[in-house]
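One structure is given below, encoded as structure tokens.
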Amino acid sequence: MITGRFFAAGADRRIAITIFILLAVAVIVPLLNLAISPASAFHIPSYMVALTGKYLCYALLALSLDLVWGYCGILSLGHGAFFALGGYAMGMYLMRQIGSRGVYGNPILPDFMVFLNYKELPWFWYGFDHFWFAGLMVLAVPGLLAFIFGWFAFRSRVTGVYLSIITQAMTYALLLAFFRNDMGFGGNNGLTDFKDILGFSVQADATRSALFAASAVMLALAVFVTWAIVGSKYGKLLMAVRDAESRTRFLGWRAENVKLFAFTVSAVMGGIAGALYVPQVGIINPGEFEPSNSIEVVIWAAVGGRGTIIGPIIGALLVNAGKSWFTGALPELWLFALGGLFVAVTLLLPKGIIGMWDDWRGNARALRAASLAEEARTAVGVASATSKPARSPARNPGEWSWSDPEPQAAE
Amino acid sequence: MSKSNTILYLDGVSVSFDGFRAINNLSLVLDRGEMRAIIGPNGAGKTTMMDIVTGKTRPDDGEVFFDGEVDLTSHDEAEIAMMGIGRKFQKPTVFESHSIEENLMLALKGPRSIFPALFHRKSAAEARRIDDIIGVIRLGDKRREVAANLSHGQKQWLEIGMLLAQDPKLLLVDEPVAGMTDAETEETARLLKEIARDHSVIVVEHDMRFVRELGVKVTCLHEGSVLSEGTLDFVSADERVVEVYLGR
Amino acid sequence: MIGLALLFLSATLSSLGAAEADLRAIIAKFATAKGFSETGAVVHELAATGDPKVERPLAALADGNLYIRKADSLVLIGKEAGDGVQLSDPLSGAASGEAAKDDITKIKVNNTLRRAIRDALGTLTLGAKDPAVRLAAAGTMFKTPDAANIEPLDTAIANETVASVKALLEQARAASVLVSDRPEADKLAAIQVIGARGDRDAVSLLTSVDANASDAVKQAAAAAIANINSTLAFWDAGQNIWYGISLGSVLLLAAIGLAITFGVMGVINMAHGEMVMLGAYTTFVVQQVIRTSFPGLFDWSLVIALPMAFLVAGFVGFVIERGIIRFLYGRPLETLLATWGVSLILQQAVRSIFGPTNQEVGNPTWMSGSFDVGQLAITWNRLWILVFALTVFGVLLYVMKRTPWGLQMRAVTANRRMAASMGIRTPWVDALTFALGSGIAGIAGVALSQIDNVSPNLGRGYIIDSFMVVVFGGVGNLWGTLVGAFSLGVVNKVLEPYAGAVLGKIVVLVLIVLFIQKRPRGLFALKGRAVEA
């Protein structure tokens, strides 16, 4: 009894700390960038602010993927699509804000439309001159796509690798579509040359700091929302669907709706991440739909530890910091490192960093508790709760191998 | 044969997979409150019959009625479960990463849509019900333990407990004592008899001693249809049953 | 003896020389001709000789390669080489030294002159000995109708003995009649002849019928056009289906190895495309070795590359299975991730070794060129790839169904424990099956190197399509893969003219995604007893 509550409290404390750190960072980093003189050792240069802001968006994307993958076993290889759609929605707003300052000076049409001989604004660009409308679309477009896609996929019980493959096909189809010039999204070049957001220059240090703070706050909010979802009865149900989908059906739950809700929420989170990302990097192009991008998100979550809330965040920060370092110092080796990471994590670190840490701490605590033998009952409880790898190595939460390690023909 | 007083009514049901007739013109009737044991050699169609009743498999032919009036062939698993048919799998299937309490909580009768689940708070009545069931399935000392840590027999009981939590009118129990010790088997028989007092139950089992212990009417399936039906003594005296089980 | 032979030789040379001397005299006039019209006169004079040898100087003139050497006013063919110009004799083609650009003058030509030369060459070659040359000449004249052509064509038709050439000559004549001021009856007959030809050239010729032609002629032309267009639509559909079949064979090649690793073993190999890529690079290396050491073997390069590619990709597959995949059996999602990692590593490795750019892989002569069936143009490389894909499929089917190894493979898939207890070494079967699937991807790479760019990204382009084919066709069923590949190929190409290449592909992707919703186990999935899951 005590152990259960203790672990629950431990997990909650971790969430609280994470949220606190994120909120603190949202205040401190902009301060150190804006208020401290560049000469000071504490000054954070603007490029660092932009870079970490970008990482926070990636972390949000990884967290959104983890909600469906880690907690519901849906390995989406198309989450980049939701990210990119959110980004495009924001990009369209930023394009409209350029107004007549474009190269061609057309007050209504963005440059690429003038270039491609558009006579008037396509209907789906209406409304994007308002921030609130663009903001709504950031949520609605990825959410709607996920809802429709998921509605079809989950209802017909497409699961496992099949689902992964068709999510990949989804983002691939969008990639091809957005590359087309006559789609009206700038084709190959995408949307860029942004000037203002809400009237502030996107280049200004203050704006960048504000965007950074917004990313950090949004990530903190997402952590809280995810935690609330996962901790609710619905969250238990989500994991139940992951572990034994047919059991939930025979208990009367509609597993497809359970998945659909999580998938849609996750897509909306991905869209928000994309929307925060675009003004910070200053461009959105069809390359964001590349299936390989979406698969990279998976490794962020896997490195940190799927099925945990802070794992994907840590994974996204670490892998991307590594990427920045590698592509600067040893660009030739980056793909070797990334590829090796995929292999190493799946083979050696299936629960990720957080999972390993918890196992290690759990074991250590169990040993300590056993040796102290303070309270016989507690010690037994802890030991049995933490010795589960020994008893059923293949059946740990978060590591759902469905059977013995042998190949099975795909169904 | 009138449907009105039955809890389950199968008539002329057939289903085939790739030309293999798993169920062949099967007719079976279960009265309200009855417990029935179904035996039969491997491949007799026992599990497929349960698949049909629970909506997992659609029959090619025939009628399947629940509670005298509901046509089960036009509903899916979740709807059928909500109507009050609970099913225990051959291989115990519980939510391994959840505690016993959480397993029962998810099974507990109540609204089955997403938003109530999202904002659900455990009520005192629910807590009492869970306590009751944990008592019935004799897992009181492990209620916060993760289900993955339970023994095979305990998982079977937990699954039965989840069925109880659903509060179904009809329970389908597939091989509940497979892999259990003798003591556990006896305990399970007692548990099932207890449940049968206010539920209709179908038990599929190979273990004849267990079936004898249940002491109920027995139906023997073979090649997808009913071979023999009656008391265990009657059925086991039936020459055709002997032939099927032992060969000539 | 030798003396006699020499005597004979010189005699022949001198008799030839007599005609040649006349030609040379005419050619020499180029040096003195002033302006385009005078040059044109010389061209006509040359053409009038009817000697096939004048083709060389005329062709050189049309290409702007005819020069006058300032020193001796000799007319020569020149070919620019570096700073200087390689000179050769206009009639024999024998090399006659080099010259600096300043020492020679190019004979200038304009478009009118070029056309005149082309026509002259066309008429000239109507009398050539080789029927193929006559056919080409008739083709040229068909495309450049001119009333002046009618008479030479009449003569040629009268003399012509080869039926196919004669037919084309008659069409050329009809074309010329159409633009002449001959009477209406003649023109109607000409329209008949052209209409019977029934291709796009005929349509363009008929649509260009003079606006002030008589109504009867116009109507006849319109009717003939309508008639031809409906025939053309039929051939167009045929052409699209052929393109579709061709694309299908490519998809089949790319997917068939996956049908083994994914379909039979259930292993999601995201590095499958990289196996194809390795096969293509093996072909490249084999060709490089052949080019530098055994140039005579070039036509055999693909045949040599096939086993090499099979071994290279198969070996890499074997290593991947033993090193990674075997630890992940039963965890398909993690296999997917690990093999994706492998694919990144392989791509970067190839990029580091061979560089990021496309590598040149040549076509052997038997894979170059094309031939026509009716109005279908069929290229040899596409046809060979189709044949090859079907052969690979057949061999694989045989291996799976008729050999002990195939039996073991299927046994292990069906019931691993039972197979193991019957003495089958299941780990070996796993490894070899995976190596087989990878090896087949490798030989697919050999074929694809002929039609695709050989770059480190080669595999990326095929991986999604291959998965679509296998999933669509039904996993675990080789026939499903065959049908899946060809139906996707044909659907894709049939959609293309309506939707465009990219949109067509998107439509196909969406259709497959919808199809998987409807039949999650693919087209040819076995139904099987519903297993508890």
Side-chain angles (χ1 to χ4, degrees), chain A residues 1-5 7-8 71 155 157 228-262 264-265 307 377 380-381 383-400 403, chain B residues 50-51 54-56 76-89 91-99 101-122 126 141-151 159 162-163 165-168 172:
Chain A
M1 283 197 65
I2 303 161
T3 55
R5 269 189 222 142
F7 278 125
Y71 290 99
R155 251 171 58 96
R157 302 193 187 171
I229 289 177
V230 169
S232 71
K233 184 179 174 186
Y234 167 78
K236 306 277 178 219
L237 187 57
L238 200 60
M239 287 176 257
V241 169
R242 175 190 75 194
D243 293 347
E245 179 172 339
S246 62
R247 176 80 273 171
T248 58
R249 286 185 200 282
F250 288 115
L251 287 176
W253 294 102
R254 296 215 160 270
E256 59 270 26
N257 293 354
V258 175
K259 292 184 191 176
L260 187 56
F261 179 78
T264 309
V265 169
R377 242 180 102 87
V380 170
S384 61
T386 49
S387 63
K388 74 198 160 194
R391 261 168 104 170
S392 55
R395 283 284 183 174
N396 289 319
E399 186 200 339
W400 41 97
S403 64
Chain B
M50 290 207 172
D51 284 346
T54 50
K56 187 170 166 132
D76 69 2
E77 293 106 311
E79 283 168 348
I80 291 174
M82 286 301 284
M83 283 171 207
I85 297 184
R87 175 176 185 183
K88 197 201 86 61
F89 294 114
K91 190 176 146 212
T93 313
V94 295
F95 307 128
E96 306 243 338
S97 49
H98 289 327
S99 71
E101 276 188 338
E102 286 165 340
N103 267 285
L104 291 172
M105 169 68 107
L106 288 175
L108 217 51
K109 193 176 185 171
R112 287 291 195 250
S113 30
I114 303 300
F115 291 98
L118 205 50
F119 302 106
H120 177 264
R121 295 218 152 271
K122 188 154 88 176
E126 282 175 335
D141 53 338
K142 295 191 185 303
R143 54 189 305 151
R144 285 184 198 282
E145 194 115 335
V146 178
N149 293 347
L150 297 178
S151 73
E159 203 178 1
M162 288 162 76
L163 250 61
Q166 249 180 296
D167 194 20
L172 305 176

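Please read all numbers here as calculations on a predicted model, not as lab measurements. All chains are named by letter (A, B, ...) in the order of the sequence lines, taking the proteins before the strands, and each is independently numbered beginning at 1. Just the heavy atoms: all of them, side chains too, but no hydrogens, waters or symmetry mates, feed the values below.
The aromatic rings of B:F95 and B:H98 sit perpendicular, their planes meeting at an angle over 60°, well past the 30° parallel limit.
Residue B:D76 touches chain A through its side chain alone, counting heavy-atom pairs closer than 4.5 Å. With a threshold of 4.5 angstrom between heavy atoms, B:S113 approaches chain A through N, CA, C or O but not through any side-chain atom. Looking at B:I85, the atoms closer than 4.5 Å to chain A (heavy atoms on both sides) all sit in the backbone: N, CA, C or O. Within the 4.5 angstrom heavy-atom criterion, atoms from both the backbone and the side chain of A:F250 approach chain B. Both the backbone and the side chain of B:M162 come within less than 4.5 Å of a heavy atom of chain A. Contacts of B:F119 with chain A are absent, with no heavy-atom separation under 4.5 Å from either backbone or side chain.
Side-chain atoms of A:Y234 never come within 3.5 Å of backbone atoms of B:P116 as a donor-acceptor pair (strictly under, hydrogens ignored). Under a 3.5 Å cut-off, the side chain of B:E77 and the backbone N or O of A:S246 do not form any donor-acceptor pair. At distances below 3.5 Å, not a single donor-acceptor pair connects side-chain atoms of A:W253 with backbone N or O atoms of A:A240. Between the side chain of A:R254 and the backbone N or O of B:I114 there is no donor-acceptor pair closer than 3.5 Å.
Among the candidates A:G235, A:G231, A:S232, the residue making the largest number of heavy-atom pairs closer than 4.5 Å to chain B is A:S232. When B:H120, B:R112, B:K142 are compared by the number of non-hydrogen pairs under 4.5 Å with chain A, B:R112 comes out ahead.
Between A:T248 and A:L237, some side-chain heavy-atom pair lies under the 4.5 Å cut-off.
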